[in-house]
Every structure is written in C-alpha cells, then in structure tokens.
Amino acid sequence: MVKYLVYIALFGLFLSIMFFFRNGKFFVSRAIPKKISDFKNTDKVLSFKAEKEIYLIKKGADYFLIKENFSVEKWYSYKLMTGLVVAMVSFMMAMFFGAPAVAGIPIILGGFIVGFFLLDMLLYSMNKSSNEKILSDVMEMSRAVLYGNRSGQYVADALISACTVVENERLKIALIRVKIGLESAKSVFAVLDELESHFDSAEISTFCTVIRSLQMTGRANDALDTLKASIARQQEADNARRVKHLESKTQIACLMVFGGVICIMIYLLAAFVMEVVSAF
C-alpha cells in the first residue's frame, strides 16, 4: 500500500513540474525575485546563451529537435523535462521489479543524469549522420554554382539555382534561406555566413570559403579545382572511416560468435561431467 502511495505522490509531483514548465512565463513574472531576473541579464549569462545558441544551431538542434521558436532556455527546459521523465520511469520500473526502497534515490539521480544528457547524445548522433549523408549534395551544389558562374551567371543567381539540385532536407531548407536572403538584397557574404552557421560540416565550410573566393576573384576554374580536391579528400577520409567502422563491427560479431561457441562447449562439457559423476 505504501508503495502505491509513493507512486501516486511522485506522479503528482511530475505533473506539477510539467505544468510549471509549460506555463513558466506566468510563474516567472510573479514568483522569481528581481535579483534572479537581473542575473539572467548579466554579461556572462548573455554571453553564455549566445555562444550556446551558436553551438546548438551549428549542430542542427533547431532542425532535428526544436523546430519552432528555438532558444537556449527551451533547450534546457527540454533537457530538464527529459531528465525528469527518465528518472520517473526508472524509479517506477525499479520499484515494480522489487528493488529495495533504499535504492530509490540513486536510481532517480542516475535516471535524471542519463535523461538530462540524452538530448545531447541524440543531437550528436543525428548531426553526425546528417553530415555523412550531405557529401554528395554538397558536390552537386558546388557544381551547380561553379558551372553556372562559368557560363555567365552571377554568383548570387547561381546560389539561388542550387536549391533545385539538392535532396537532403536540412541542406535544402538552408539553401531556401539563402535564396530568400539574396532576394531580399542581402550580400553573398552575409548569406554564406548564415549558411555556414547552420552546419558543423567541413564540406559546407569549404564550399562557403570557395564561393567567397569566387565572389572576390571571379576565377571559377581555380575555385572548382580547389573544391573538387577538398571534397575528394573528404570522401577518402569518410570511406576510410566507414571501412574501419565495418571492420570493428565484423570483429565484434566474430567475438560474439566465438564466445557463443565457447559457452556451448562449456555447457556440453559440464553436462557430460555431471552425467559421468551421476553414473557413479
């Protein structure tokens, strides 16, 4: 009976916390002291928020996880809520399977820590996968811009037309922002800076650097050669990384099979020994 009362109390606490975060602005405007509000507007806090926002956007947090009204405050609110959910689920599962009550606090803390950093791990994995898939689109985009410029197009017009050759959704959205920026009279350098700020990718950085150079010098052939060489190096490194990863997975699979065979042999040997002993 006590266990179920604890479940109900924790569930009520969880709902209260979720309601607080969902309606945080109402509580903040009345309950948080002015000193805390002033602290949030200090130079160090504002600097941290600005740097964190740049980092998260570069990793794709505004695309993968929080697509509407992205902010650092919302990111940490989501992390906190995820931590609370994982802590609650971990605790309830542990109690359901008969864990002792004294283990409750360590389980809750451990679950909260895992849940708090879960979004970071998920973002890292999704960004890494996206960067690996984006290579071929960057190559096609580069060819479209450089060949278009070589045939007489302005760099800005060539960038706008590059939207049609990419298939990766994240890159296409970024190029649509580039197109809108150029059509609203932003400079090529400004839209390239914005494009680069949304990707943690060596290929995108190289592309932006080469197009800036093309805009300043007008040498399309040199820019194309530089970009081709850079992407070829990136492809070689990516292929080597894939081969190494495949070899590691193959080795792990072989070890698992070998371990399974050893366990079966030990089991059969033990069964044989027990049969011999029982015969005597």
Side-chain angles (χ1 to χ4, degrees), residues 49-75 78 119-120 122-220 223-224 226-228 230-232 234-235 238:
K49 286 170 58 177
E51 292 176 2
K52 192 68 178 180
E53 183 171 353
I54 291 171
Y55 171 82
L56 291 172
I57 289 176
K58 208 171 183 65
K59 294 292 184 182
D62 61 331
Y63 171 74
F64 295 120
L65 300 175
I66 308 175
K67 294 190 176 184
E68 294 184 4
N69 302 321
F70 175 81
S71 67
V72 176
E73 291 89 347
K74 185 176 286 189
W75 167 257
Y78 279 34
L119 289 184
D120 296 274
L122 184 61
L123 180 61
Y124 172 81
S125 177
M126 297 175 77
N127 180 61
K128 183 179 179 182
S129 177
S130 174
N131 287 342
E132 291 174 354
K133 295 176 181 177
I134 214 169
L135 187 60
S136 59
D137 273 335
V138 174
M139 190 67 185
E140 292 301 321
M141 176 177 68
S142 305
R143 286 173 179 159
V145 174
L146 295 170
Y147 288 146
N149 180 259
R150 183 187 289 178
S151 64
Q153 274 188 315
Y154 290 110
V155 173
D157 295 332
L159 279 171
I160 290 173
S161 64
C163 295
T164 60
V165 301
V166 299
E167 297 180 358
N168 183 275
E169 183 182 359
R170 182 185 177 191
L171 182 57
K172 185 178 282 290
I173 291 172
L175 287 176
I176 290 173
R177 284 196 294 262
V178 168
K179 178 181 177 182
I180 293 172
L182 290 171
E183 290 176 347
S184 61
K186 282 187 178 180
S187 69
V188 171
F189 299 105
V191 297
L192 288 174
D193 289 341
E194 185 177 356
L195 174 64
E196 191 172 4
S197 70
H198 280 80
F199 292 91
D200 179 28
S201 166
E203 293 81 16
I204 295 293
S205 297
T206 302
F207 170 80
C208 293
T209 300
V210 169
I211 301 305
R212 289 189 194 99
S213 175
L214 176 62
Q215 175 71 359
M216 290 187 294
T217 64
R219 297 176 181 175
L224 183 60
T226 301
L227 195 57
K228 280 183 176 179
S230 176
I231 291 180
Q234 293 293 337
Q235 284 179 325
D238 185 60

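Just so you know, residue 1 is the first one in the sequence shown, and it goes up from there.
Residues E73 and K49 are in side-chain contact: their nearest non-hydrogen atoms beyond the backbone lie under 4.5 Å apart. Side-chain contact check for F207 versus V145: some heavy-atom pair is nearer than 4.5 Å. At least one side-chain heavy atom of E169 sits less than 4.5 Å from a side-chain heavy atom of Y63. Using a 4.5 Å heavy-atom threshold, the side chains of V166 and I134 count as separate.
K186 approaches V191 most closely through the heavy-atom pair CB-CG1, 3.9 Å. Considering every non-hydrogen atom in both S130 and R170, the closest pair reads OG-NH1, 3.3 Å. When all heavy atoms of S197 and I57 are compared, the pair lying nearest together is O-CG2, 3.8 Å. Shown here for I160 and E183, the closest heavy-atom pair between the two residues is CD1-CG, 4.2 Å. Heavy-atom minimum distance, I176 versus C163: N-SG, 4.0 Å. Across all non-hydrogen atoms, the minimal contact from D137 to N168 is OD2-N, 2.7 Å.
By the 4.0 Å N-to-carboxylate-O rule, R212 lies close enough to E196 to be salt-bridged with it. With respect to the salt-bridge test (charged N to carboxylate O, under 4.0 angstrom), the residues K58 and D200 do not qualify.
The structure places CG of L119 at 8.5 Å from CG of L123, a figure rounded to the nearest 0.5 Å. The CG atom of L56 lies 10.0 Å from the OG atom of S71; values are rounded to the nearest 0.5 Å. Put simply, CG on L159 and CG on L195 are 8.5 Å apart, with the number rounded to the nearest 0.5 Å. Taken to the nearest 0.5 Å, the NZ atom of K128 stands 11.0 Å off from the NZ atom of K59. Taking CD from E194 and CD1 from I180, the interatomic distance works out to 9.5 Å, rounded to the nearest 0.5 Å. Between atom CZ of residue F199 and atom SG of residue C208 there is a gap of 9.0 Å, rounded to the nearest 0.5 Å.
Around atom NZ of K52, more than 12 heavy atoms belonging to other residues, nucleotides or ligands sit under 6.0 Å away. Within 6.0 Å of OH in Y55 there are 12 or fewer heavy atoms belonging to other residues, nucleotides or ligands. Environment of NZ in K179: sparse, with no more than 12 heavy atoms of neighbouring residues, nucleotides or ligands closer than 6.0 Å.
A distance-only check finds a donor-acceptor pair linking the side chain of S161 to the backbone of A158 [under 3.5 Å]. Formation of a donor-acceptor pair under 3.5 Å by the T206 side chain with backbone atoms of A202 is found in this model. Under the 3.5 Å distance criterion, the side-chain polar atoms of S125 are left unmatched by any main-chain donor or acceptor of L122.
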Item to complete: Just do the side chain to side chain contact (heavy atoms under 4.5 Å, CB included) check on Q215 and Y154 with the steps written out, would you?
Response: CA-CA 9 Å; Q215 175 71 359; Y154 290 110; over 6 Å; no
Worksheet item: What do the steps show when you test D62 against I66 for side chain to side chain contact (heavy atoms under 4.5 Å, CB included), and what is the final call?
Response: CA-CA 5 Å; D62 61 331; I66 308 175; over 6 Å; no
Worksheet item: Does the side chain to side chain contact (heavy atoms under 4.5 Å, CB included) test come out yes or no for M141 and L175, once each step is laid out?
Response: CA-CA 10 Å; M141 176 177 68; L175 287 176; 3.5 Å; yes
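Because its NZ or CZ atom is not both nearer than 6.0 Å to the ring centre of F70 and within 45° of the ring axis, K74 does not count as a cation-pi partner of that residue.
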